[in-house]
Amino acid sequence: MYLYFSLALTVCAGIGFGYGLYRFFRDESALYVRMIIFSIGSAMLGRLFETLQFLVNGQIESGFQVGMLGTVGSFMFLFSANFGQMDSIVDDHSPRFRKTRIISLAAPLLTALFWVVIVAAKGLNATTIPLGIETIFIAQASYFHLKHLIIEDVEYGLIKAIRGYNLIALIYVLLCMLEMLVKSFALPSFCIIIVYILQCLVMLAFVPVLERGVKKWTT
């Protein structure tokens with residue numbers, strides 16, 4: 001079952017990545033947007049490796065495996081896009097946004113809680129430590145997605161235009177952590193199916209939602 005879902009995620013991420021290249025790399029587009037497209041590309045490569053490992057070995061090796069680097073790379077690009085390209089525009093680090101910055105900590109704290117639950121049940125070992133490293137990159141990206149979802153808008157509606165994208169990204173964060181959970185525990189099959197189907201939908205929705213928001217920047 002995992003093989004088919006891994007293959008489906010590879011295909012959906014590939015469609016999202018290909019569409020992103022088509023829409024945003026023909027002409028000059030903001031680096032912010034391009035980094036998000038590269039995030040989807042990284043997710044695709046990670047899922048592709050998992051699929052190939054399933055085909056060769058019949059299973060995913062426990063502990064660290066190269067496919068994890070796809071998830072790490074994906075969230076590094078998302079983090080870099082928000083922290084390096086967008087956050088300095090929407091947050092001048094004045095006391096005005098202090099409450100927003102504090103509330104936004106809820107996202108990485110909740111993300112870390114998923115990993116803590118796994119560690120509490122399984123202990124620190126060669127499987128949970130790599131998951132913890134993966135969680136760090138997911139958590140740091142989640143902070144800015146929540147922050148840019150709830151922060152007051154700046155001039156020209158810059159933040160309002162991409163709130164839909166940041167909501168999709170937060171759903172992506174949640175689904176990645178839920179995937180860790182369902183793989184770590186013997187949960188019912190329908191839980192696994194729901195998580196993977198939703199991930200496929202998110203991979204397909206990422207670029208269209210982003211595109212709709214970016215269009216509002218120039219209209």
Practice item. Kindly check if the number of other-residue, nucleotide or ligand heavy atoms within 6.0 Å of OH (Y4) is above 12? Key: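 Counting other residues, nucleotides and ligands, OH of Y4 stays at 12 neighbours or fewer.
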Review point. Does M35 CE have over 12 foreign heavy atoms under 6.0 Å away?
Key: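 Atom CE in M35 is crowded, with more than 12 foreign heavy atoms closer than 6.0 Å.
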Review point. Out of F75, F83, Y165, which residue meets the ring-ring contact (aromatic ring centres under 6.0 Å, His included) rule with F144?
Key: F83
Restricting to non-hydrogen atoms, name the atom on [X] and the atom on [Y] that form the minimum distance, rounded to 0.1 Å.
X	Y	result
A141	L78	CB-CB, 4.4 Å
I40	A13	CG2-O, 3.4 Å
F185	V117	CZ-O, 4.1 Å
L146	A106	CD2-CB, 4.4 Å
C12	C200	SG-CB, 3.6 Å
L7	T51	N-OG1, 3.5 Å

Taking atom [atom1] of [X] and atom [atom2] of [Y], what is their separation to the nearest 0.5 Å?
X	Y	atom1	atom2	answer
I197	L175	CD1	CG	11.5 Å
Q140	S80	CD	OG	8.0 Å
I15	M44	CD1	CE	11.5 Å
I151	I103	CD1	CD1	11.0 Å
I168	M203	CD1	CE	9.5 Å
F114	S184	CZ	OG	11.5 Å

Check your understanding: So, H145 and N166: side-chain donor and acceptor under 3.5 Å apart, yes or no?
Key ->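 Distance-only check passes for H145 and N166.
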Check your understanding: In terms of side-chain heavy atoms, does R34 have a donor or acceptor partner in Q85 at a distance below 3.5 Å?
Key ->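 Judged by distance alone, the side chains do not pair up.
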Check your understanding: Which is it for F5 and I193 under the side chain to side chain contact (heavy atoms under 4.5 Å, CB included) test, yes or no, and what are the steps along the way?
Key -> CA-CA 8 Å; F5 282 124; I193 292 170; 3.7 Å; yes
Who passes salt bridge (Lys or Arg N to Asp or Glu O under 4.0 Å) against [X], sequence neighbours left out?
X	value
E134	none
R101	D91
R96	E152

Practice item. Walk me through it: do V90 and I159 pass the test side chain to side chain contact (heavy atoms under 4.5 Å, CB included)? Key: CA-CA 8 Å; V90 302; I159 280 294; 3.2 Å; yes
Review point. Can you check side chain to side chain contact (heavy atoms under 4.5 Å, CB included) on L110 and L113, steps first, answer last?
Key: CA-CA 5 Å; L110 180 60; L113 181 61; 4.3 Å; yes
Report whether [X] and [Y] are members of the same hydrophobic cluster (ILVMFWY, side-chain heavy atoms less than 4.5 Å apart, transitive linking).
X	Y	answer
I171	V207	yes
I102	L170	no
M68	L181	yes
I150	L109	no
L149	Y143	no

Point to revise | All ring pair (Phe, Tyr, Trp, His ring centres under 6.0 Å) counterparts of F77, not counting sequence neighbours | key: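 Listed in chain order: F38.
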**Study point:** Partner set under ring pair (Phe, Tyr, Trp, His ring centres under 6.0 Å) for F49, not counting sequence neighbours
**Key:** none
Say whether, by atom type as modelled, one donor and one acceptor occur between the side chain of [X] and the main chain of [Y] under 3.5 angstrom.
X	Y	value
T111	A139	no
T128	V119	no
N125	K122	yes
T10	R47	yes

Could you check if a side-chain atom of [X] sits within less than 4.5 angstrom of a side-chain atom of [Y], using non-hydrogen atoms only?
X	Y	value
D87	H148	yes
I37	Y19	no
M86	L158	yes

Exercise for review: Decide yes or no on side chain to side chain contact (heavy atoms under 4.5 Å, CB included) for I138 and M180, but give the supporting numbers first.
Suggested key: CA-CA 12 Å; I138 297 174; M180 282 190 196; 4.1 Å; yes
Review point. Is the Y172 to F206 ring centre distance short of 6.0 Å?
Key: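 Aromatic pair counts; centres sit under 6.0 Å.
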Review point. What residues form a side-chain hydrogen bond (donor to acceptor under 3.5 Å, both in side chains) with S94, not counting sequence neighbours?
Key: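 Result, side-chain hydrogen bond (donor to acceptor under 3.5 Å, both in side chains) vs S94: D92.
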